[in-house]
Participant: 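Sharing a structure here in structure tokens format.
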2 protein chains.
Amino acid sequence: MLPTEEKLDPRVKRTRGLILQSFGDLLAEKSFDAISVQDVAEKAQINRATFYAHFEDKYALLDHSIRQGFMQEIENRMLNACHYTPDNLRTLIITVCEFLAQLGTDCAQSQRQFEPLVEKQVKLQVYELLTLWLSKMNVNISTEIPATVAAWAIYGLASYWSHSKKRPALEKFVDQALPLVSVNLEQFAQVA
Amino acid sequence: MLPTEEKLDPRVKRTRGLILQSFGDLLAEKSFDAISVQDVAEKAQINRATFYAHFEDKYALLDHSIRQGFMQEIENRMLNACHYTPDNLRTLIITVCEFLAQLGTDCAQSQRQFEPLVEKQVKLQVYELLTLWLSKMNVNISTEIPATVAAWAIYGLASYWSHSKKRPALEKFVDQALPLVSVNLEQFAQVA
DNA sequence: TTGGATAAACAACAACTGTTGTAAAATTTA
DNA sequence: TAAATTTTACAACAGTTGTTGTTTATCCAA
């Protein structure tokens, strides 16, 4: 993965910042599928070959961008410093729902490549967080399968909610959704 | 979607058959990401512009191919003529696991575009099948959320199993997996 | 301060994509 | 059977991608 930012050559830092900023600006203007590497390089005012020195292709750029953006949401809510409780699980479900709503993912044809990549990164991070939480619970049970099921269920629910035409209130939706996820994690719940 | 095959111009039928056959042959030779529309057209011995008359791009071709392939597996097991029971659910989970294993999906870099598309189509079909099953159960509960959670959980489990380095025996794995899915569908189980 | 190392710019290349208008071939319809 | 319609082939076009070797600019370390 990328080296820590503290040890970066300032030119690398500046160029990556330009790329990510331009990419974000372009995403606000048009759909991901309509954006070309050429577009990003031009907006960032760098050479196209320089883009390829930093990112393999535009999909790698999106992966990085989404991962960073979702990580920020997790850190803002200090979810990465938590352990498993139903309340934390509830907050996590809300976070994913809000993140997808804010991205404006929809089924538009022009978004065909965008959503699967968002999904992959967010699911992975949710899985990693759940695994971190569950492994703190001092329960001698493998976390892999429960964390997998919970992560996929959370994303599936969030995707369903963000795609709903008449979107129910998020709090109410999460009231319905939470039991379907927590039921498989009860064995990790701390005895109070 | 495509009109029924009975009413097709024979040239369309022939051309589509050539495209799908050639695509299947190419998938046996190299990864999806390495296959170009040019490759498929050459192997099918059709003009590249004719390819575009039938499929929007190679992703649409893959969507179609996967949907058809998985549909065949469902029909072979007559799962589309069933209603919800834990045994049928078990068979469905096994079907998805075997389908993914047979496709040889892995995390190879060269498969980056393949797996998300497979996932999307298979999840959708699993969701549609579950919705069909649950709606036959004469239970006055909305099927949408339970079917969503179950479909995503099934695919997540199958993906996890097919990616496992030391893959456990499928029967044993499904023994572990089934309760995590069925727990959310118990309200639809028929009172015997 | 200077030399070495690294990052970025540049031009060029081959390949592929997606599209278009025209022509030929094949099928359908009357 | 012949005309109409549809499908496919074709060539051409503009655009983008991914890569490469060379040059220039910038940073780091001694």
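In the text below, chain A, chain B and the rest are named by the order of the sequence lines, each starting its count at 1.
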Participant: Which nucleotide sits closest to the side chain of A:I46: C:dA8, D:dA11, C:dA9?
Facilitator: C:dA9
Participant: Categorize B:A53 for me: base, sugar-phosphate, or nothing, with a 4.0 angstrom heavy-atom threshold over every strand shown.
Facilitator: nothing
Participant: Measure from the side chain of A:P10, starting at C-beta and using heavy atoms only, and say which of D:dA9, D:dT7, D:dC27 lies closest.
Facilitator: D:dC27
Participant: Measuring from the side chain of A:D9 (C-beta onward, heavy atoms only), which nucleotide among C:dA9, C:dG18, C:dA7 has the closest atom?
Facilitator: C:dA7
Participant: Please tell me which of the listed nucleotides, D:dT17, D:dT20, D:dT8, lies nearest to the side chain of B:H54?
Facilitator: D:dT8
Participant: Using a strict cut-off of less than 4.0 Å between a Lys/Arg side-chain nitrogen and an Asp/Glu carboxylate oxygen, indicate whether B:K58 and B:D39 qualify as a salt bridge.
Facilitator: no
Participant: Taking for each residue the nucleotide of DNA chain D with the nearest heavy atom, is it B:R14 or A:A49 whose nucleotide lies nearer the 5' end?
Facilitator: B:R14
Participant: Looking only at the side chain of A:Y52 (C-beta and beyond, no hydrogens), which of the listed nucleotides D:dT17, C:dT17, C:dA8 gets closest?
Facilitator: D:dT17
Participant: Using atom CG of A:N47 as one end and atom P of D:dT22 as the other, report the distance to the nearest whole Å.
Facilitator: 17 Å
Participant: What is the distance, rounded to the nearest whole Å, between atom CG of A:D57 and atom C1' of C:dC16?
Facilitator: 15 Å
Participant: Between C:dG18 atom P and B:F55 atom CZ, what is the distance in whole Å?
Facilitator: 14 Å
Participant: Given D:dG18, D:dA12, D:dT8, which nucleotide is nearest the side-chain atoms of B:R48?
Facilitator: D:dA12
Participant: Among the nucleotides D:dT8, D:dT17, C:dA9, which one has an atom lying closest to any side-chain atom of A:Q38?
Facilitator: D:dT17
Participant: Would you call A:K123 and A:E128 a salt bridge, using N to O less than 4.0 angstrom?
Facilitator: no
Participant: Name the closest nucleotide to the A:R11 side chain, picking from D:dC27, D:dG18, D:dT20.
Facilitator: D:dC27
Participant: Please confirm whether the backbone N or O of B:S22 pairs with a side-chain atom of B:D25, one donor and one acceptor, at under 3.5 Å?
Facilitator: no
Participant: Group every Ile, Leu, Val, Met, Phe, Trp and Tyr by side-chain heavy-atom contacts under 4.5 Å, then state whether A:W152 and A:Y127 land in the same group.
Facilitator: no
